[in-house]
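Please read all numbers here as calculations on a predicted model, not as lab measurements.
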Amino acid sequence: MANNEDAFKKVVSHAKEYGFIFPSSEIYDGLGAVYDYGQLGTELKNNIKSYWWKSMVQYHENIVGIDSAIFMHPKIWKASGHVDAFNDPLIDNKDSKKRYRADVLIEDHIAKIEEKIEKEVEKARKRFGDAFDRDQFVHTNARVLEHQAKIDDITRRYSQCMNDNDLAGLRQLILDLEIVCPISGTRNWTEVRQFNLMFATQMGSVSEGSDTIYLRPETAQGIFVNFLNVQKSGRMKIPFGIAQIGKAFRNEIVARQFIFRMREFEQMEMQFFVRPGEELKWFEYWKAERLKWHLALGIPAENYRYHDHEKLAHYANAATDIEFRFPFGFKELEGIHSRTDFDLSRHSEFSGKKLQYFDSELGENYTPYVIETSIGVDRTFLAVFSHALKDETLEDGTTRTLLSLPPVLAPYKAAILPLVKKDGLPEKARAIFDSLKHDFMLQYDEKDAIGRRYRRQDAIGTPFCITVDNDTLDNDTVTVRERDTMQQERVAIDQLDSYLHRRIKPITID
């Protein structure tokens, strides 16, 4: 793939061609920034959610999971601040009539400067070979230092504007950076104004005479309003966490980059309740733990980085993002926030109910502080999928498209393939399929030559192909081909179950 743009186009086309992700309502020309998960995408997505749930809930005795409703009392969103403050700064180009997020325009400009740094690094890497020291180069090279100084200055001004809600300052920064509209190529910008991202809808009857409710823009508030229910029914002792996976909805004006930013998306969030004064210790703990979770997928560490927030949300006293190197650059994958006692205190104030915890060791009641970990299912899907997809040149000069997913995440764990459609091989293959299907997601395929079938399974990420041939009828063994190495070995049919279990191990975090 020639460049990052080509790589991203390959991701989008491959996802559709092989049944991972389709544009929603496509036969009606689609619906902007809404996507449907196909047959393979649904399996991969469910496997990602299962990996998160097991590592967060099953492996922690002090973390439990809930599933709160999407529809919630409208006062919840007033208490949380979403009604008054859940806004994006928008700006229009007068010539193209296109609307953009002002913050995204500035962040994209910064990303372009970062790309210049990476080009300098790659040139130096080729020049110096194995002796290349990236860290030393970026801290000493004059051109890199010049680019970095620009980034630091822009970031300082940008953060100040965002912290102060200085919309005029954001516009001036866009003008000073000479940022142009991608469509018109002009700098004829309007003023910046705020736009609330929540979807409002109607419900037949809501208390206090109001019939306007909202589709939740995040899943966290469902956890906070159930704090006492979970704590008392589960006899939970601080520190403890409540986890949830669920849909959220944001009326993104500038939704783009495939499933990276959508209007309907899914979150995996955990709120960890701690003693006041201990929150920063637990913030550092979860910051490290969450990065370990990502690295356990086997993706190299250079594809991740921390980004500490200079602009903190009104509820936070510490915040960081784990960013991933997507085909379009480093972008946020997961957020870890120290939310203080803001949420429980606000809901206590607006509901009139005390959301406190009696700490028997201290002999006192207090409102717990909260550490949040929040990660997008769809962004994780895109990160895993885009990293796994590659074109590989083989020793004979041919190429194959490979989706090298971690086996535990792969939609199908194995494909059962009769070598030919005769001589009793399909019947034997079907019997093997039936014997394994209760433990593994499998695909049966008897169409085309065996080489073409291998290539199909490589392209959808199936880690093992089990081929039934004439020898199988004589000695009850099959050929098992491993996806990444393409190595083959004979395995007895009665050993296949244990063979696959050994090689498709749950992902563990050290």
*Asks:* Give a yes or no answer on whether the side chain of S80 reaches the backbone of W77 with a donor-acceptor pair at less than 3.5 Å.
*Replies:* yes

*Asks:* Under the 3.5 angstrom rule, does the side chain of N226 hit a backbone N or O of G222 as a donor-acceptor pair?
*Replies:* yes

*Asks:* Kindly indicate whether the side chain of L409, heavy atoms from C-beta on, has any atom under 4.5 Å from the side chain of L44.
*Replies:* yes

*Asks:* Stepwise, does the side chain to side chain contact (heavy atoms under 4.5 Å, CB included) test hold for F8 with D6?
*Replies:* CA-CA 5 Å; F8 190 43; D6 289 341; over 6 Å; no

*Asks:* Using atom types as modelled and distance alone, determine if a side-chain donor or acceptor of D321 lies under 3.5 Å from a backbone N or O of E323.
*Replies:* no

*Asks:* Indicate yes or no: does K126 engage E122 in a salt bridge with an N to O separation below 4.0 Å.
*Replies:* no

*Asks:* Surrounding CZ of R193 (heavy atoms of other residues, nucleotides or ligands, distance under 6.0 Å), is the total greater than 12?
*Replies:* yes

*Asks:* Does R339 pair with E269 as a salt bridge, N-O distance under 4.0 Å?
*Replies:* no

*Asks:* I need the minimum non-hydrogen distance between D445 and R453, along with the two atoms involved.
*Replies:* O-NH1, 2.9 Å

*Asks:* Is there side-chain contact between F71 and T201, with at least one heavy-atom pair below 4.5 Å?
*Replies:* yes

*Asks:* If every non-hydrogen atom of Q244 is compared with every non-hydrogen atom of I66, which pair is closest and at what distance?
*Replies:* CG-O, 3.6 Å

*Asks:* Give me the atom names and distance for the closest heavy-atom approach of H387 to P300.
*Replies:* NE2-CD, 3.4 Å

*Asks:* Picking from Y37, F20, Y18, what satisfies ring-ring contact (aromatic ring centres under 6.0 Å, His included) with F385?
*Replies:* F20

*Asks:* Mind running side chain to side chain contact (heavy atoms under 4.5 Å, CB included) on L228 and K353 for me, showing each step along the way?
*Replies:* CA-CA 10 Å; L228 279 185; K353 310 290 194 305; 5.8 Å; no

*Asks:* Parallel, tilted or perpendicular, judged at 30° and 60°: which one describes the rings of F324 and F326?
*Replies:* perpendicular

*Asks:* Return yes if some donor-acceptor pair links the side-chain N/O of Q267 with the main-chain N/O of T219 below 3.5 Å, else return no.
*Replies:* yes

*Asks:* Judged by atom type as modelled, is there a donor-acceptor pair below 3.5 Å linking the side chain of Y306 to the main-chain atoms of K287?
*Replies:* yes

*Asks:* Side chains of E120 and H147 only: does a donor on one sit below 3.5 Å from an acceptor on the other?
*Replies:* no

*Asks:* Less than 4.5 Å apart, side chain to side chain, heavy atoms only: is that true for F265 and R250?
*Replies:* yes

*Asks:* Tell me which one of R157, R171, R187 satisfies salt bridge (Lys or Arg N to Asp or Glu O under 4.0 Å) with D176.
*Replies:* R157

*Asks:* Check the pair N251, F195 against side chain to side chain contact (heavy atoms under 4.5 Å, CB included), reporting the backbone distance first and the verdict last.
*Replies:* CA-CA 9 Å; N251 192 14; F195 177 82; 3.6 Å; yes

*Asks:* Are any of the side-chain heavy atoms of Q148 and I117 separated by less than 4.5 Å?
*Replies:* yes

*Asks:* With a cut-off of 6.0 Å (strictly less than), are more than 12 heavy atoms of other residues, nucleotides or ligands near NZ of K16?
*Replies:* no

*Asks:* Do N47 and E43 have a side chain donor and acceptor closer than 3.5 Å?
*Replies:* no

*Asks:* Can you check whether W293's main-chain N or O pairs, donor with acceptor, with Y51's side chain at less than 3.5 Å?
*Replies:* yes

*Asks:* Are the charged groups of R261 and E332 less than 4.0 angstrom apart, N to O?
*Replies:* no

*Asks:* Enter the distance from L280:CG to Y369:OH here, rounded to the nearest 0.5 Å.
*Replies:* 9.5 Å

*Asks:* Before accepting this row, confirm whether a basic side-chain N of the pair K10/D391 lies closer than 4.0 Å to the acidic partner's carboxylate O.
*Replies:* yes

*Asks:* Is there a donor-acceptor pair under 3.5 Å between the side chain of H309 and the backbone N or O of H337?
*Replies:* no

*Asks:* Between atom CE of M198 and atom NE2 of H82, what is the distance when rounded to the nearest 0.5 Å?
*Replies:* 7.0 Å

*Asks:* Charged N to carboxylate O under 4.0 angstrom, R455 versus D458?
*Replies:* yes

*Asks:* Around atom CZ of F350, are there more than 12 heavy atoms from other residues, nucleotides or ligands closer than 6.0 Å?
*Replies:* yes

*Asks:* Donor-acceptor pair, D92 side chain versus K94 backbone, under 3.5 Å?
*Replies:* no

*Asks:* Look at R346 together with D343 and state whether they make a salt bridge at an N to O cut-off of under 4.0 Å.
*Replies:* no

*Asks:* Does V408 offer a backbone N or O that forms a donor-acceptor pair with the side chain of K413 under 3.5 Å?
*Replies:* yes

*Asks:* Check whether any side-chain N or O of T399 sits under 3.5 Å from a backbone N or O of E392 as a donor-acceptor pair, and report yes or no.
*Replies:* no

*Asks:* Taking all heavy atoms of I179 and all of W189, pick out the closest pair and write down the distance.
*Replies:* O-NE1, 3.0 Å

*Asks:* For atom CZ of R125, decide whether the heavy atoms of other residues, nucleotides or ligands shown that lie under 6.0 angstrom number more than 12.
*Replies:* yes

*Asks:* Please name the residue in the list R216, K49, K247 that meets the salt bridge (Lys or Arg N to Asp or Glu O under 4.0 Å) test with E266.
*Replies:* K49

*Asks:* Rounded at 0.5 Å granularity, tell me how far CD1 in I371 sits from CZ in F273.
*Replies:* 11.0 Å

*Asks:* Go through it in stages, so that I can follow the logic: the residues are R483 and T462, the test is side chain to side chain contact (heavy atoms under 4.5 Å, CB included), and I'd like the CA-CA distance, side-chain angles, deciding distance and then a yes or no.
*Replies:* CA-CA 7 Å; R483 177 195 65 204; T462 306; 5.9 Å; no

*Asks:* To the nearest 0.5 Å, what is the distance between CD1 (I259) and CD1 (I21)?
*Replies:* 3.5 Å

*Asks:* So, do L382 and V11 sit near enough that their side-chain heavy atoms are less than 4.5 Å apart?
*Replies:* yes

*Asks:* Restricting to non-hydrogen atoms, name the atom on P411 and the atom on L40 that form the minimum distance, rounded to 0.1 Å.
*Replies:* CG-O, 3.6 Å

*Asks:* Using side-chain heavy atoms (C-beta onward) and a distance below 4.5 Å, is I76 in contact with Y214?
*Replies:* no

*Asks:* Identify the two heavy atoms, one from A410 and one from L405, that lie closest to each other, and give their separation to 0.1 Å.
*Replies:* CA-CD1, 4.1 Å

*Asks:* Nearest 0.5 angstrom please: N303 CG to L333 CG, how far?
*Replies:* 11.0 Å

*Asks:* Would you call K331 and D108 a salt bridge, taking side-chain N to carboxylate O under 4.0 Å as the test?
*Replies:* yes

*Asks:* As an exercise, state the distance from CE of M270 to CD of E289, rounded to the nearest 0.5 Å.
*Replies:* 9.5 Å

*Asks:* Find out whether I91 and L170 are in side-chain contact, i.e. whether some heavy atom of one side chain is under 4.5 Å from a heavy atom of the other.
*Replies:* no

*Asks:* Would F260 and F258 satisfy ring-ring contact (aromatic ring centres under 6.0 Å, His included), going step by step from the backbone distance to the final call?
*Replies:* CA-CA 6 Å; F260 180 81; F258 196 31; over 10 Å; no

*Asks:* Kindly indicate whether the side chain of N93, heavy atoms from C-beta on, has any atom under 4.5 Å from the side chain of I183.
*Replies:* no

*Asks:* One pair to check against side chain to side chain donor-acceptor pair (under 3.5 Å): Y412 and Q457. What are the steps and the verdict?
*Replies:* CA-CA 9 Å; Y412 295 118; Q457 298 301 325; over 6 Å; no

